[in-house]
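Note that these values count all heavy atoms, side chains included, but never hydrogens, waters or copies made by symmetry. Order of listing sets the numbers, starting from 1, for every ligand and every atom in it.
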Amino acid sequence: TILAVRELDVGGGTNDDGRWQKMPQKLTEAYPYAFTVSYVERARQHRWRCSDVTFHCSDGALRQQWIQTIREQLTALTSRPKHLLVYINPYGGKQQGECIYEQKVAPLFACASISTDVIVTEHANHARDHLKTEAELKKYDGVVCVGGDGMFSEIVHGLVSRTQRDNGVDQNSPEEKLVPCSLRIGIIPAGSTDCICYATVGINDPVTSALHVIVGDSQPMDVCSVHHNNTFLRYSISLLGYGFYGDVLADSERKRWMGPARYDFSGFKTFLTHHHYEGAVSFLPATDILGTPRDKTRCRAGCFICQHNGQLPNLCFCSIPEYEVGWGVVRGKFLAINAASMSCACPRSPMGLSPAAHLADGTTDLILVRKCSRFNFLRHLLRHTSKDDQFDMTFVEVHRVRRFRFTPRHCQNDSELDLRENGKQLFSQICRDHPACSCSPAYSSWNCDGEILPHAAIEVGVHCQLIKLFARGIEEQPLFEDLANPPCAL
Ligand SMILES: CCCCCCCCCCCCC/C=C/[C@@H](O)[C@H](CO)NC(=O)CCCCCCCCCCCCCCC
Ligand SMILES: Nc1ncnc2c1ncn2[C@@H]1O[C@H](COP(=O)(O)OP(=O)(O)OP(=O)(O)O)[C@@H](O)[C@H]1O
Ligand SMILES: [Ca+2]
């Protein structure tokens, strides 16, 4: 794939790649007109690199003809962005955002003749609010964020809210069908988890992501809307987790100074605390789709399942009252309730929370981990780091759903609570106020893509392919990697 072409001044010796100098002087005298073509070269583990190849010719007009023809071909590729709006979070991950952008990404955008407006954010939600109200979106072919999953989430909230407002859609109604965003989003990874980038590109590497932006890739993605009592709370793209992942996040927020290691520290602490939470999960299973959460097939570039399911009518956002038919309910005590709308693969767990989940199939995988021993929970967690099936355990169940609701036990109808239960509720409240007590507190928090939600009772619906990323999904690794990388791939 060609990225750019430029003239090379052979006589003046100004070129810096040193390649032509290796040619015998006689040859450079005979072919003094040179031009350089930059192209994408695939490296190991889904990495892409920019490589150059220089061509020499004997006459200047011929060189101009080559350059002009290649430039015309490149301009004709309408999927490639020409103007981008870039937001950089200077405080994400290891605080390298600005440096990564200036050193690795900006030169590539310049080489591909992409113009950029760059905003270094000054506070949290700066990017979100700028997109929501001020940004002149008509000027751009896409929005790029430099940061982690939190920064990506800001961009999604800004763009989705803006699109709904521009189209007169009320975000507060959980039944409303949302209007898809037209601008694509690029992520230059510079965060702590980078799970969106990892699961859509296959690696968290800034140069690879920049090249996917330049070649104009497009990957649709599902977005979950989260409501509480007919009030909009947030959107989620990767993980909604109550219990374990909620508690890990709540604890780790107090340890931001530790950087990315805070998740391991809080993970270990939360694992030892071993709290469980009681409640009811009701859900609308996706029955009309291809694929299940226990499949061996994975969502990969050009995924057939996403294409197929993406075309199905999504009955949960229309006014057919019968959609209530077929809801399932599970009540009990849970260590974790997770909804993974995509695999959530990341360096910590290369297969992810739900390895067979799809990026754009209009569903989320609802994973219910019931109360069990610490030993069994550890076995379950450990399976996330290997190829073993984390769902093949008696205390774990998984459903592929279009919608779900969670009601913590102490929030349920008074009529459902008998006297004895009311007594327990009071007891739990006391426990919440006195953390030294060894029983579990009544409520956990929801971890919504790395943000804590203010309510435990929520209602969630999946909006199929609401946004698009500058990515193409993970490409299948070729059987013989070296054959896929011949030395002079143009
Ligand atoms: C024994 C090792 C087991 C390892 C099991 C690891 C499973 C990890 C699955 C990670 C899934 C991440 C999903 C991504 C969520 C993002 O939207 C969000 C924003 O960036 N990240 C987090 O909330 C950040 C969440 C980070 C969660 C980290 C959990 C670490 C668990 C460590 C448990 C240690 C137990 C050790 C017992 C000896
Ligand atoms: N200028 C800023 N100052 C402070 N916070 C910011 C600024 N810009 C963005 N943020 C906030 O910082 C939070 C974390 O950012 P980001 O996602 O880039 O990194 P991270 O948390 O280290 O990575 P991850 O989300 O992958 O774990 C985001 O929620 C974002 O809202
Ligand atoms: Ca999905």
Under 3.5 Å side-chain donor-acceptor pair for [X] and [Y]:
X: Thr292; Y: Asp295; value: yes
X: Asn338; Y: Tyr242; value: no
X: His463; Y: Ser225; value: yes
X: Arg234; Y: Ser153; value: yes
X: Thr231; Y: Asn229; value: no
X: His399; Y: Glu397; value: yes
X: Ser341; Y: Asp222; value: no
X: Asp247; Y: Thr270; value: no

query = With only distance considered, is Met151 within less than 3.5 Å of ligand 2 through an N or O on each side?
reply = yes
ask   = Quick one: does Gly191 get an N or O within less than 3.5 Å of an N or O on ligand 2?
value = no
Give the numbers and elements of all ligand 1 atoms closer than 4.0 Å to a heavy atom of [X].
X: Cys195; answer: 14 (C)
X: Phe271; answer: 35 (C), 37 (C)
X: Tyr245; answer: 7 (C), 8 (C), 9 (C), 27 (C)
X: Asp149; answer: 16 (C), 19 (C), 20 (O)
X: Leu382; answer: 1 (C)

Identify, for [atom], the protein heavy atom at the shortest distance, and state residue, atom and that distance.
atom: atom 21 (N) of ligand 1; value: Thr193 OG1, 3.7 Å
atom: atom 20 (P) of ligand 2; value: Ser192 OG, 3.5 Å
atom: atom 4 (C) of ligand 1; value: Thr385 CG2, 4.0 Å
atom: atom 19 (O) of ligand 2; value: Gly92 CA, 3.3 Å
atom: atom 11 (C) of ligand 1; value: Leu353 CG, 3.9 Å
atom: atom 6 (C) of ligand 1; value: His384 CB, 4.4 Å
atom: atom 38 (C) of ligand 1; value: Phe268 CE1, 3.7 Å
atom: atom 5 (C) of ligand 1; value: Leu381 O, 3.6 Å
atom: atom 10 (C) of ligand 1; value: Cys346 SG, 4.0 Å
atom: atom 15 (O) of ligand 2; value: Asn89 ND2, 2.8 Å
atom: atom 30 (C) of ligand 1; value: Tyr263 O, 4.1 Å
atom: atom 31 (O) of ligand 2; value: Glu154 OE2, 2.3 Å

What part of [X], side chain from CB on, backbone N/CA/C/O, both or neither, has a heavy atom under 4.0 Å from ligand 2?
X: Arg128; value: neither
X: Glu451; value: side chain
X: Arg262; value: side chain

query = Using the ring of each side chain (for Trp, its six-membered ring), is His157 parallel, tilted or perpendicular to Tyr235, with breaks at 30° and 60°?
reply = tilted
His380 and His384 aromatic ring geometry - parallel, tilted or perpendicular at 30°/60° bounds = perpendicular
Heavy-atom nearest option to [atom], drawn from [options]:
atom: atom 33 (C) of ligand 1; options: Gly267, Cys344, Ser153, Ser386; value: Gly267
atom: atom 17 (O) of ligand 1; options: Cys448, Ser349, Ser238; value: Ser238
atom: atom 5 (N) of ligand 2; options: Ala124, Gly97, Gly148; value: Ala124
atom: atom 25 (O) of ligand 2; options: Pro189, Gly150, Ser238, Cys197; value: Gly150

Which of the numbered atoms in ligand 2 are below 4.0 angstrom from a heavy atom of [X]?
X: Thr121; value: 1 (N), 2 (C), 7 (C), 8 (N), 9 (C)
X: Tyr91; value: 1 (N), 2 (C), 3 (N), 4 (C)
X: Gly147; value: 18 (O)
X: Asp194; value: 26 (O)
X: Tyr263; value: 27 (O)
X: Arg256; value: 14 (C), 21 (O)

Does [X] come within less than 4.0 Å of [Y], counting only side-chain N to carboxylate O?
X: Glu278; Y: Arg409; value: yes
X: Arg80; Y: Asp141; value: no
X: Lys104; Y: Asp205; value: no
X: Arg383; Y: Asp389; value: no
X: Arg300; Y: Glu475; value: no

ask   = Taking the six-membered ring of Trp327 as reference, does the NZ or CZ atom of Arg405 fall below 6.0 Å from its centre and within a 45° cone about the axis?
value = yes
Measure across [X] and [Y] and return the closest heavy-atom pair with its distance rounded to 0.1 Å.
X: Leu359; Y: Ala199; result: CD1-O, 3.9 Å
X: Ser218; Y: Lys468; result: OG-CD, 3.2 Å
X: Arg370; Y: Gly332; result: NH1-CA, 4.2 Å

task = Kindly indicate, with the supporting measurements, whether the criterion ring-ring contact (aromatic ring centres under 6.0 Å, His included) is fulfilled by His126 and Tyr87.
result = CA-CA 9 Å; His126 182 169; Tyr87 295 98; 7.4 Å; no
task = Have a look at the Ca ion (ligand 3) and estimate, to 10 degrees, the angle subtended by O (Thr363) and O (Ser341).
result = 100°
request  = Would you give the angle at the Ca ion (ligand 3) between His358 atom O and Asp222 atom OD2, to the nearest 10°?
outcome  = 110°
task = Please state which part of Asn447 comes within less than 4.0 Å of ligand 1, counting heavy atoms only: side chain, backbone, both or neither.
result = side chain
Part of Leu378 with heavy atoms under 4.0 Å of ligand 1, whether side chain, backbone, both or neither = side chain
inquiry  = So, of the N/O/S atoms that Asp361 has, which is the nearest one to the Ca ion (ligand 3)?
reply    = OD1
message = Can you confirm whether more than 12 heavy atoms, excluding those of Tyr91, are under 6.0 Å from its OH atom?
response = no
message = So for His123, does at least one of its heavy atoms come nearer than 4.0 angstrom to any atom of ligand 2?
response = yes
